[in-house]
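Any value given below was found using the heavy atoms of this structure, including those in side chains, with hydrogens, waters and symmetry copies removed. Chain naming here is simple, since letters A, B, ... match the order of the sequence lines and numbering starts at 1 in each. Every value quoted in this text rests on a predicted model; they were computed, and no experiment measured them.
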There are 2 protein chains.
Amino acid sequence: MASSKDVAKTAGVSQSTVSRVLNDPSKVNPETVANVQKAMKSLNYRPNLIARSLKQRKTKSIALITGHLHNPFFVDTTMEIVEYAKQQGYHTLVYFEDQGDNLSVYEEVLKQQVDGIILSSIFFEDPIYKELEASGVPFVMFNRRHQAGGNFVETDNEKAGILAANHLLKLGHTKIAWIGGRTFASTFQGRLEGYKKAMQATNHQVDPEWIKETDTTEASVREAVDSLLLLDNKPTAIFAATDSMALFCQNYLMKMGYTIPDNFSICGMDNIDITAHAGIQMTTITHESKKPMGLYAIEHLIYMMEEEKQIKEMALTLQPTLIIRNTTGPKR
Amino acid sequence: MASSKDVAKTAGVSQSTVSRVLNDPSKVNPETVANVQKAMKSLNYRPNLIARSLKQRKTKSIALITGHLHNPFFVDTTMEIVEYAKQQGYHTLVYFEDQGDNLSVYEEVLKQQVDGIILSSIFFEDPIYKELEASGVPFVMFNRRHQAGGNFVETDNEKAGILAANHLLKLGHTKIAWIGGRTFASTFQGRLEGYKKAMQATNHQVDPEWIKETDTTEASVREAVDSLLLLDNKPTAIFAATDSMALFCQNYLMKMGYTIPDNFSICGMDNIDITAHAGIQMTTITHESKKPMGLYAIEHLIYMMEEEKQIKEMALTLQPTLIIRNTTGPKR
DNA sequence: TTCTATAATGACTACGTATTCACAATAAAC
DNA sequence: GTTTATTGTGAATACGTAGTCATTATAGAA
């Protein structure tokens, strides 16, 4: 690999001049610029960004710590973030980490000297928050939030839970199950709380057996459905806290021979693309906003990275709305 | 940020010793090790991987240049690759690039000094191949292949095209449309050739109007479907060259009121998870293999990166098989 | 005792770049 | 003709680390 020194030698100039040609050619004689560029071409020279990063103490890179891509919600946000970052001259290191409190991922990220971090996988009381704050690296959370606040964009999860429950209640369902992930995460916590509040507000009992915390995998969701089917006090409707899980429910119930929504109503959340498919037609909850959620996060992160001085806080809670399709219907 | 020099100072040793503690503690007095580690802890020291990379001329990073994640096929491969790489101590820079011949992405990747590259987005006659070869960085292609061969893993696309066409022919369809992406890519090229061969072998004419090269987006697929519907010689079955496109067709036709497979049979390819969903039940083509395709690619890349000497070639063509579900049926 | 091997450590350098400083040559101002 | 900017350039340095080399102290062999 040719270095700027090699280029300097073949162009008959100093390494400093080569560097200047690269960074601010206006500072060097046009003739010299041409010579240097010719030398670069002939040597097939490519600046070493590692060396540049070391010198500048900026890597022009960010870390994205996201949930598993088998949840299509994270596919969208990942694409949004990676593309926008690239467009702004940053490259993205993608890490998949759903557990939340896994220190090793954060250690790794900080060693990489990234200029900023975006994370979705944080728990409400995650100790990682302190670590990140102490590191001095700007970071933004999306989807999930932390009790400490910080910079984040989320959906009003409690409101979402209320919307879902009220929709099902209005259809005549009173036995409504809730299937979600661990309530360490603010998303599931909020969606559960909202559901409970709506039930309570309309004087409907919530049987604790109806509430299923899973690890969001298909196997785990199926287990939850199985156990619901065994109940005496069997629910007639399900609020699945993500579309990914709602799809698992729908598929599993249909494969067992149940009809949706005649036997069970199902409401999801996230409005991922496939839910609009004619063969799926999932009732779900989305948020109305001009920009996709990932964009809010990355835009603000880049703002923070580039205007270090005036760190403007972002605490954004998007408002959810209900999209009624065909997986929910009146109770029979 | 504390450096190894700072650690050295507070521990009362030289920077060399700190480095040794990090890389091979057996070379230093256990008592000193303890002191140094204490100093590291108290300063919250984290080794700077950028500096290490510069010194070692290895970044322990790879680049993955993949197709758009809205095609779920690439979601699977991306996860496989990123996870395995991480497990082997490499981190992954993910780039989305569908165009193929976009030089700038490759320039960017090479400047990053990655130790290896995995790419799916290469065209059969892509000039980028020469560039990559010249760079000396090991690289592996998956899904698509290049005319020059090199290291790759693919599916036998021609065979896949034959399987799909024969399946539809056997059901009595003779007017079979083909919807795919640009045939610059070996995948689409092969799937089209196979389709044509199967038709020819059974003495069925192929109307050129049945063949639709799209840019694989939903809008483009809908346009293709629209133009098929306007034909006098209207097809009764569609072979969509990826499941992603097959889903677009299925959705669009159903939304227009057509029944699948009564009005149109649809066969996809890739066997992405959602095709098995009870509401979709897409007939598709997969490949049988012990390992997912992405794993072949990353395993071989890591082999190449670590055993520089004996570069074993990998030219792997997986055999496709047909999975019959409910989107294909006898011609009416 | 004297010589040799081993263990433990520090000083120093290089990786490839950006940048500061110094200096020369030229152009502009007086 | 002298002074003052301005332009163009090179030498030298630092970023944080790994590793080479040299040095000292100690233990074992003769």
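Residues A:Phe139 and A:Ile65 are not in side-chain contact: their nearest non-hydrogen atoms beyond the backbone lie 4.5 Å or more apart.
Taking all atoms of both residues into account, the shortest heavy-atom contact from A:Ser121 to A:Glu97 is CB-O, 2.6 Å.
Atom OH in B:Tyr45 sits about 7 Å away from atom C1' in D:dG16, given to the nearest Å. In this structure, B:Lys5 places its NZ atom 15 Å from P of C:dG10, rounding to the nearest Å. Between the NZ atom of B:Lys27 and the P atom of C:dG10 there is a distance of 15 Å, rounded to whole Å.
The side chain of B:Asn23 contributes an N or O atom lying less than 4.0 Å from OP1 or OP2 of D:dA18. Close to D:dG16, at under 4.0 Å from its OP1 or OP2, lies a side-chain N or O of A:Arg57.
With distances taken from any side-chain atom of A:Ser19 to the nucleotides C:dT17, C:dA18, D:dA18, the minimum falls on C:dA18. With C:dT17, C:dC15, D:dT9 as the candidates, the nucleotide lying closest to the side chain of B:Leu54 is C:dC15. Among the nucleotides C:dG10, C:dG16, C:dC12, the one closest to the side chain of B:Gln15 is C:dC12. Taking the side chain of A:Lys55 as heavy atoms from C-beta on, and the options D:dC15, C:dT9, D:dT17, the nearest nucleotide is D:dC15. For B:Ser14, counting side-chain heavy atoms from C-beta on, the closest listed nucleotide (D:dG10, C:dG10, D:dT9) is C:dG10.
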For nucleotides 20-24 of chain D, tabulate all protein N/O to nucleotide N/O atom pairs closer than 3.5 Å, reporting atom names and distance.
none

